[in-house]
Amino acid sequence: MKQDKDNAEFDEYRRKMHREDEEESGRPVVPAPKRPVAIAFGIFMILVYVGVGVLLIINVFRWEPSWDWARWVVGFLLIIYGIFRGYRMFVGNDYYGK
């Protein structure tokens, strides 16, 4: 019957799209391999975040003294975000290559 075929196709689609069903069924979940370009871009962006944060903290951009508080806040936030992105890339929780 056509309805049985449609249900089988839908079940296949749902199984591919919802990995939590696979985890509950006991079947191993294999993550998709990451693309080299995405990995290189991720590493580049981590270096940009941390680098600009360090440059802001050492005042390479010559901000006026009235903006010192903003320079420190933005610098530390960029460094923290760069470390966070590096951690996510190392652990594998980022969305590149999926």
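All values derive from a computational prediction rather than experimental measurement.
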Rounded at 0.5 Å granularity, tell me how far CD1 in Ile57 sits from CZ in Phe76.
4.0 Å
If you look only at pairs with a residue in residues 45-69, which of them pass as a side-chain hydrogen bond (donor to acceptor under 3.5 Å, both in side chains), with sequence neighbours excluded?
Asp68-Arg71
Between Val48 and Leu56, is there a shared hydrophobic cluster once you connect ILVMFWY residues whose side-chain heavy atoms come closer than 4.5 Å?
yes
Here the gap from Arg85 atom CZ to Phe90 atom CZ, rounded to the nearest 0.5 Å, amounts to 15.5 Å
Can you tell me how far the CZ atom of Phe61 sits from the CG atom of Leu55, to the nearest 0.5 Å?
5.0 Å
Check for me, please, whether Val37 and Met45 land in the same ILVMFWY cluster - side-chain distances under 4.5 Å, paths through other members count.
no
If I compare all heavy atoms of Leu78 with all of Val52, which pair ends up nearest, and what's the gap?
CD1-CG1, 3.7 Å
Say whether Tyr81 and Val91 are linked into one hydrophobic cluster, either directly or through other cluster members, by side-chain heavy-atom distances under 4.5 angstrom.
no
Taking CZ in Phe44 as the centre, count heavy atoms belonging to other residues, nucleotides or ligands within less than 6.0 Å. Is the count above 12?
no
Residues two or more places apart in sequence or in another chain: which of them pass ring pair (Phe, Tyr, Trp, His ring centres under 6.0 Å) with Phe84?
none
Could you tell me whether the side chain of Ile46 reaches within less than 4.5 Å of the side chain of Ile83, counting heavy atoms only?
no
